[in-house]
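These notes concern the structure reproduced below.
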Amino acid sequence: MRTYLVTGGAGFIGSNYIHYMFKKYDNEIRIINVDVLTYAGNLENLKDVENRDNYTFVRADICDAEAINKIFAENDIDRVVHFAAESHVDRSIKNPDVFVKTNVLGTLVMLNAAKNAWEIGDNVYKEDKKFLHVSTDEVYGSLEEEGEYFYETTPYDPHSPYSASKASSDFLVKSYMDTYKFPANITNCSNNYGPYQFPEKLIPLIINNALQGKRLPVYGDGKNVRDWLYVEDHAKGIDMVQEKGRLFETYNIGGHNEKQNIEIIEIIIDTLQEMLPDGDPRKELVSRDLITYVADRKGHDRRYAIAPDKIKAEIGWVPDTCFAEGIKLTIAWFFEHEDWMKNVTSGDYQKYYQEMYK
Ligand code: NAD
Ligand code: DAU
């Protein structure tokens, strides 16, 4: 049985990945989820799997080399899927330090631990061991012209402390592959959306605010473009890259779904109107009048757009869920998980929101 060490599995994409993997492989795999549970980590996301015999949760910091080495010493890990990171650009602008610590130093700890556990000779590794580093399209910087895309060969040009820290971690992984022939892959994915996304990110924030009749903050002119992918398609891409991709390669993941932020907000408002039953008091609250233009994000990248040609041609990955369907699935999930939203928006979130949007 293959054993996976997943870092950051209590976060948005990590928890969706764990659900995806158990749905796909059921009892054929074992997953150890290592997460320190920052504000973004939530074990409620994993309630459905927590009692499985082939699932283990370990609360640990990826910067804690002793704790991470211990997990490798006690388990024969076959796959590492490394999600754990500080992930929110706005927070990185206010407090870059923790981004460097977790995203750069934490990745180094993970690389060293896996290398020490797997290396059996000089640059020779136990068979069939693989490390996948989950990264972002933000490392490529910003596109201006329509028709331009991020390819795997696009030079890195990060602008925010978040993307700079992710770029640094990518370079560390690349350096381990080049110097030590360390068996790894990197994936660079576009913006994800779907169940369990923390409402500091655009889509869940807008859904949550609109349902309460709160203002919908749009940064700048609202015309910045992001390339949206349903989170399950990202999980599928990660698994396919790890099993079918060529080692030492980078693969971009994205579904050619570019939209301006203002378009996204309007689609959410229209879809909420359509999905809320007549007589539901929230239907009266949801309105385009809530759209409020606010100060722009510092250093705000204008446009992201992934060219997924390589992953499609080499591996046969294609997304299954188009945006029109994915946004309905996401909204339906939030309707069914009102308590989840209440829990994650109580306490510290209120402080964050007041500070961020005052
Ligand atoms: P998230 O913020 O929802 O989750 C991050 C998880 O990592 C949380 O569970 C948190 O507790 C954990 N974590 C943070 N610091 C840790 C530490 N020091 N030790 C152990 N665990 C720690 O993030 P996400 O949106 O799920 O993103 C996951 C990964 O995917 C990140 O590496 C991110 O850069 C990358 N990514 C995200 C997107 C996106 O659209 N969200 C797109 C492409 C790539
Ligand atoms: O591209 C991949 C990246 O996507 C990931 O690497 C990051 O982890 C993830 O957070 C996401 O980064 P973005 O900055 O693109 O996502 P966010 O949801 O924060 O913002 C999306 C766009 O919406 C961006 O142009 C800023 C804008 N925005 C965001 C918020 C929270 C607003 O206009 N208003 C808001 O309140």
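In this text the structure is predicted, and so the values were computed from the model without any measurement. Order of appearance sets the numbers: ligands from 1, and atoms from 1 within every ligand.
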Any side-chain heavy atom of H234 sitting closer than 4.5 Å to one from Y20?
-> no
Could you tell me whether the side chain of L205 reaches within less than 4.5 Å of the side chain of F198, counting heavy atoms only?
-> no
Could you tell me if the ring centre of W333 sits under 6.0 Å from that of Y196?
-> yes
Who passes ring pair (Phe, Tyr, Trp, His ring centres under 6.0 Å) against H159, sequence neighbours left out?
-> none
Does a donor on one side chain sit under 3.5 Å from an acceptor on the other, for R226 and N257?
-> no
Salt bridge (Lys or Arg N to Asp or Glu O under 4.0 Å) pairs touching residues 163-184, sequence neighbours excluded, are none
Would you tabulate the polar-atom pairs, meaning N/O of ligand 1 against N/O of the protein, with distances under 3.5 Å, reported to 0.1 Å?
| unit_1 | atom_1 | unit_2 | atom_2 | d |
| --- | --- | --- | --- | --- |
| ligand 1 | 2 (O) | S87 | OG | 2.7 |
| ligand 1 | 3 (O) | F12 | N | 3.0 |
| ligand 1 | 9 (O) | G11 | N | 2.9 |
| ligand 1 | 9 (O) | D35 | OD1 | 3.4 |
| ligand 1 | 9 (O) | D35 | OD2 | 2.5 |
| ligand 1 | 11 (O) | D35 | OD1 | 2.6 |
| ligand 1 | 11 (O) | T38 | N | 3.0 |
| ligand 1 | 11 (O) | T38 | OG1 | 3.1 |
| ligand 1 | 18 (N) | D61 | OD1 | 2.9 |
| ligand 1 | 19 (N) | I62 | N | 3.0 |
| ligand 1 | 21 (N) | V36 | N | 3.2 |
| ligand 1 | 23 (O) | S87 | OG | 3.2 |
| ligand 1 | 26 (O) | F12 | N | 3.4 |
| ligand 1 | 26 (O) | I13 | N | 2.8 |
| ligand 1 | 32 (O) | F83 | O | 2.8 |
| ligand 1 | 32 (O) | K166 | NZ | 2.6 |
| ligand 1 | 34 (O) | Y162 | OH | 2.6 |
| ligand 1 | 34 (O) | K166 | NZ | 3.1 |
| ligand 1 | 40 (O) | N192 | N | 2.9 |

Decide, yes or no, whether a salt bridge links D280 with R282 under the criterion of side-chain N to carboxylate O below 4.0 Å.
-> yes
Pair E274 + K328: basic N to acidic O under 4.0 Å | yes
Would you call the rings of Y219 and H300 parallel, tilted or perpendicular if under 30° counts as parallel and over 60° as perpendicular?
-> perpendicular
Present, as a list of atom pairs with distances to 0.1 Å, all nitrogen or oxygen contacts under 3.5 Å between ligand 2 and the protein.
| unit_1 | atom_1 | unit_2 | atom_2 | d |
| --- | --- | --- | --- | --- |
| ligand 2 | 1 (O) | D137 | OD1 | 2.5 |
| ligand 2 | 1 (O) | N191 | OD1 | 2.7 |
| ligand 2 | 4 (O) | N191 | OD1 | 3.4 |
| ligand 2 | 4 (O) | N191 | ND2 | 3.0 |
| ligand 2 | 6 (O) | T136 | OG1 | 2.7 |
| ligand 2 | 6 (O) | Y162 | OH | 2.6 |
| ligand 2 | 8 (O) | S87 | O | 2.8 |
| ligand 2 | 8 (O) | Y162 | OH | 3.1 |
| ligand 2 | 10 (O) | S87 | O | 3.2 |
| ligand 2 | 12 (O) | E138 | OE2 | 2.7 |
| ligand 2 | 14 (O) | R297 | NH1 | 2.6 |
| ligand 2 | 14 (O) | R297 | NH2 | 3.4 |
| ligand 2 | 15 (O) | N191 | ND2 | 2.9 |
| ligand 2 | 15 (O) | R226 | NE | 2.8 |
| ligand 2 | 16 (O) | N191 | ND2 | 3.4 |
| ligand 2 | 18 (O) | L202 | N | 2.8 |
| ligand 2 | 19 (O) | R297 | NH2 | 2.9 |
| ligand 2 | 23 (O) | N261 | ND2 | 3.4 |
| ligand 2 | 25 (O) | R226 | NH2 | 3.4 |
| ligand 2 | 25 (O) | N261 | ND2 | 2.9 |
| ligand 2 | 25 (O) | H300 | NE2 | 2.7 |
| ligand 2 | 33 (O) | Y219 | N | 2.9 |
| ligand 2 | 34 (N) | P217 | O | 2.9 |
| ligand 2 | 36 (O) | Y357 | OH | 2.7 |

